[in-house]
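Counting starts at 1 for both ligands and their atoms, in listed order. Model, not experiment: these values are computed from the prediction.
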Amino acid sequence: MKIADRYQQIYKQIREVEKQYDRDSGSVCLLAVSKKKTAMDIAEIYRRGQRHFAESYLQESLAKQSELAAFNIIWHFIGPIQSNKTALIARHFSWVHSVDRLKIAQRLSQQRPDELPDLNICIQVNISSENSKSGIELEALPALVEKIEVLPRIKLRGLMAIPKPEQSFEHQREPFKLIHTAVTALNNPDIDTFSYGMSADFKAAIAEGATIVRIGTALFGARSD
Ligand SMILES: *Cc1c(COP(=O)(O)O)cnc(C)c1O
């Protein structure tokens, strides 16, 4: 199947699942994960109307961004962040989903260029500890939210999570539900973003309140990673 056809299919599925789980139509944003894919691949779905793209590797992303400079793309950074990379990330992205410590948030805050609008931030939560070392524990979230919230030039929007793979729909729903419940309990009016759900589990994520689903493989085909 061509990328453009897969795009139409995923887009349609998102709208259908929104309806099925009583989510407002259009309340879930499709974030196209284009890591390890070419600028031409990106252009193919951009022409169909896709605007939000996500990258995990800074240098690779900057190369594509310059190729696609004439396009009106909203770039999201979703990869692990080393502190010596924050200045470039603060300059070249509109969103960062993978903030997992205060130091990174402070640097992004200090380094966001004056001429750009506030940088949108999500805190990465480690919801299935055995799976990945990235992200903070859910219990540590309230304290980090409090410290990040007050920083200038960045805007805390919510959280990002990558649960460990599960086969069944019901098992896929569990970690999303856990996060959604914990974050809703914070009762923080600034938090409006739940960035969870990937190719294999985006339907379960939408059922449990995702507002951004990050989809790579199902759109662009398999990667070599
Ligand atoms: C690669 C990646 C995705 C996309 O995963 P797919 O399974 O290809 O849809 C989503 N989120 C993050 C953080 C990623 O690194």
Quick check for you: to the nearest 0.5 Å, what is the distance between [X] atom [atom1] and [Y] atom [atom2]?
X    : Y    : atom1 : atom2 : value
N120 : K155 : CG    : NZ    : 7.0 Å
M160 : I212 : CE    : CD1   : 10.5 Å
I74  : Q50  : CD1   : CD    : 9.0 Å

### Query
Of K35, R214, M198, which has the heavy atom at the shortest distance from atom 2 (C) of ligand 1?
K35

### Task
From atom 4 (C) of ligand 1, work out which of G216, S34, A222 has a heavy atom at the shortest distance.
G216

### Task
Assess A200 for proximity to ligand 1: is some non-hydrogen atom of it under 4.0 Å away?
no

### Query
Can you find a non-hydrogen atom of R223 under 4.0 Å from ligand 1?
yes

### Message
With a 4.0 Å cut-off on N to O distance, would you call K64 and E55 a salt bridge?
### Response
yes

Under 4.0 Å from a heavy atom of [X]: which atoms of ligand 1 are those, numbered in the order shown and with their elements?
X    : answer
S56  : 15 (O)
I215 : 9 (O)
T217 : 6 (P), 7 (O), 8 (O), 9 (O)
I162 : 13 (C)

### Task
Answer yes or no: is there a side-chain heavy-atom contact under 4.5 Å between K103 and S83?
yes

### Query
Taking C-beta and beyond as the side chain, do R223 and T217 meet within less than 4.5 Å on heavy atoms?
yes

